[in-house]
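Beneath this line is the structure, given in structure tokens, with notes to follow.
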Amino acid sequence: MPGTNNVVMFVAFDRNDRGEAVPAFTPRQASDEAEAVHAVEILGGRHAGAVAWKREAQPAVGEIGEPQVIAERGAIGDFD
């Protein structure tokens, strides 16, 4: 669709005092899916877990689609 692109993001999770998976940092944008998957592989080994997702975006009309998980490792919490 014209004017449509994918936004690819990733974030790592640590466990809080109650054992819940919480974001270790603000979600970061990746340049492409391969970079995001690689980040999940690395971060998933250093944190409780990590996830990467993509969304279809139509900036011209200000719309963004639902997240589609492309990679996950370990414990993840809310990332949307």
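Computed from a predicted model, the values in this text were never measured in an experiment.
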What's the separation between atom CZ in R55 and atom CG in N5, rounded to the nearest 0.5 Å?
13.0 Å

So, taking the atom named CD1 in I70 and the one named CE in M9, what distance separates them when rounded to the nearest 0.5 Å?
11.5 Å

Applying side-chain contact (heavy atoms from CB on, under 4.5 Å), run through V7 and W53 and close with a yes or a no.
CA-CA 8 Å; V7 177; W53 67 96; over 6 Å; no

Can you name the closest pair of heavy atoms from D32 and V8 and give their distance?
O-CG1, 3.8 Å

Looking only at heavy atoms, the pair that brings A21 and R15 closest together is N-NH1, 4.2 Å

Heavy-atom pair of closest approach, residues V22 and N16:
CG1-ND2, 3.7 Å

Flag the pair F79 / P67 as yes when at least one side-chain heavy-atom distance between them is below 4.5 Å, and no otherwise.
yes

Would you name the heavy atoms of G49 and I76 that are closest together and state the gap between them?
C-CG2, 4.5 Å

Search all heavy atoms of A50 against all heavy atoms of G44 and return the closest pair with its distance.
CB-N, 3.9 Å

Are I42 and F25 linked, directly or through other ILVMFWY residues, by side chains that come within less than 4.5 angstrom of each other?
no

T26 and V11: side-chain contact (heavy atoms from CB on, under 4.5 Å), yes or no, with the steps?
CA-CA 7 Å; T26 303; V11 68; over 6 Å; no

Which residues satisfy the side chain to side chain donor-acceptor pair (under 3.5 Å) test with E35, sequence neighbours excluded?
S31

As a quick check of understanding, evaluate side-chain contact (heavy atoms from CB on, under 4.5 Å) for H47 and F13, giving each step before the final call.
CA-CA 6 Å; H47 296 269; F13 292 86; 5.9 Å; no

Hey, which of H38, R28, E72 is the one that makes side-chain contact (heavy atoms from CB on, under 4.5 Å) with F10?
R28

Using 0.5 Å steps for rounding, measure from the CD atom of E56 to the CD atom of Q68.
8.0 Å

Contacts of E33 meeting side chain to side chain donor-acceptor pair (under 3.5 Å) (sequence neighbours excluded), chain-then-number -> K54

